[in-house]
There are 2 protein chains.
Amino acid sequence: MTVVDNAVVEREPLKHVQVREYVRDLLGDSTPGTPAPSERELVQKFGVARMTVRQAMDALVAEGLLERIPGRGTFVAKPRNQVGRLLSYTAEMQRRGLLAESQTILARREQAGPGVARALDLTEGDAVIHWKRLRRADGSPMCVEDAYLNEVLLPGFLQSGMPTSLYHSLAMRGMRPTWAEDSVTADLPTHEEAQALEIAPGTPVLRVSRRAVAGDKVVEVSRSVYRADRFTLYVQLSDD
Amino acid sequence: MTVVDNAVVEREPLKHVQVREYVRDLLGDSTPGTPAPSERELVQKFGVARMTVRQAMDALVAEGLLERIPGRGTFVAKPRNQVGRLLSYTAEMQRRGLLAESQTILARREQAGPGVARALDLTEGDAVIHWKRLRRADGSPMCVEDAYLNEVLLPGFLQSGMPTSLYHSLAMRGMRPTWAEDSVTADLPTHEEAQALEIAPGTPVLRVSRRAVAGDKVVEVSRSVYRADRFTLYVQLSDD
DNA sequence: TAGTGGTCTAGACCACGAA
DNA sequence: TCGTGGTCTAGACCACTAA
């Protein structure tokens, strides 16, 4: 079932989409507070009804790019605090002003055991990539990450993908996680973990289990052990 | 600067709000998949333009109550996974199938010290409510919570608000937190904490600091210590 | 006073799904 | 075929802000 010659019908974008994308391009990287064109200006410019312009602007307001102030106008909004966004280890450390490094402890193809298979939505025995790394920040150990990847989704990953960031490699394959669930608890490290993290036994650590999803496919499950003296997790909660 | 007699103008709710609340009441606790009235039905019922009805429905779709299916209709949506929502301790335990109880250790009016004042957006010496509780789940200790509340926003709180849930009491005063930031780390308990939580010294705990905001006011800052053997934190991350 | 966003009307045509 | 939501029009009046 391959797409052979999906006769692409060139269709005019919907008007509210045209207006929306025009405004997005216009203000894409503007400073917060920059005024957007007024709704009536856009009505003139596109020869369109005001409700149509409002539909376009509504979308941009909903996604947080714009902010309306009655009686004054519409402006580029301050980017909201984005703690709680899905970041790679590298990006996460960058956000904290630390230099991220990784050191591979183990990287090989394996057959999924029952637990990993279930977590990755596979059947036992399917091929998975097992990748274990010691992660450093500003030179000192920060965490040990033990990850399993869905090999079916990432052919040739072990050969090509190793040197760069995991999430970057996934992005290149169109498998960048869009969504993840973490569960977090406190624990004591094993002897090996304590040694790798260069901490005394009996020093508490944070254990984070992650299940990362791209589209509707589970691409990664991992267990990480963080040095609690170096790492605090930030979470944002909203009421919805 | 007290509110003396804020002449309350009884004003007719906006039409799209009337429609929205009518539909919300109608479908409040319905099973996912229950059909909502069609837009044209609501136009008839309220004698209102279709754009007005759409504005009402848009809001309910945006907040996740409804789901539109073109050509079929509008239906009650499946509640999305709501890990990562802002829940009170009571609601959080309920979600986990546990019975929440609380035992007040300390509850009094104090003057804000420098740290608490800054966290609550107050000036040092302003009145705050200091409320420390041992929280249980299914009878056994789960966490010790040490909270500071902005007294200015909660007049008479100490007299009236104590017995019930904190978030419920805040809701009754229109100060239900809409937003919060948590920071989470692993640590060892103090002797007092270990005793209160009924755990051995040297058993790791989760420390959670929270800053809870209602509208644009900080209403609560707290530090909680959770038994890590009983409590795992769940976090959802999205890419945005 | 002029301009802004917020609300609202009374229509219209379209694509899609179900019967 | 008929009902649904999706899009769109060409106006209108309001409350608010800034000059």
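Chain letters run A, B, ... following the sequence lines, proteins first and then strands; every chain starts at 1.
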Quick one: [X] [atom1] to [N] [atom2], roughly how many Å, whole number?
X      : N       : atom1 : atom2 : result
R50(A) : dG5(C)  : CZ    : C1'   : 6 Å
L60(A) : dG5(C)  : CG    : P     : 13 Å
L66(A) : dG5(C)  : CG    : C1'   : 13 Å
I69(A) : dT17(D) : CD1   : P     : 10 Å
E39(A) : dG11(D) : CD    : C1'   : 15 Å
L42(B) : dT4(D)  : CG    : C1'   : 13 Å
R20(A) : dC8(D)  : CZ    : P     : 11 Å
Q44(B) : dT9(C)  : CD    : C1'   : 15 Å

Out of [options], whichever nucleotide has its closest atom nearest the side chain of [X]:
X      : options                 : result
M51(A) : dT9(C), dG6(C), dC8(D)  : dT9(C)
P70(B) : dT7(C), dC8(D), dG6(D)  : dG6(D)
Q55(A) : dT9(C), dT4(C), dC8(D)  : dC8(D)
L14(A) : dT7(D), dA12(D), dT4(C) : dT7(D)
R40(B) : dG6(D), dT9(C), dT7(D)  : dG6(D)
K15(A) : dC8(D), dT4(C), dT9(C)  : dC8(D)

R223(B) side-chain N/O to R207(B) backbone N/O, donor-acceptor pair under 3.5 Å: no
Test item: D182(B) side-chain N/O and R210(B) main-chain N/O as donor-acceptor pair under 3.5 Å: no
Heavy-atom side-chain contact between T185(B) and L233(A) under 4.5 Å: no
Any donor-acceptor N or O pair under 3.5 Å, side chains R135(B), S102(B): yes
Whichever of H16(B) and E41(A) has its nearest DNA chain C nucleotide further upstream toward 5': E41(A)
Whether Y148(A) and H130(A) hold their rings parallel, tilted or perpendicular, with breakpoints at 30° and 60°: parallel
At under 4.0 Å, does any side-chain N or O of [X] touch on OP1 or OP2 of [N]?
X      : N      : result
R54(A) : dG6(C) : yes
S38(A) : dG3(C) : no
T74(A) : dG5(C) : yes
R72(A) : dG5(C) : no

Most 5' of G71(A) and V48(A) on DNA chain D, judged by nearest nucleotide: V48(A)
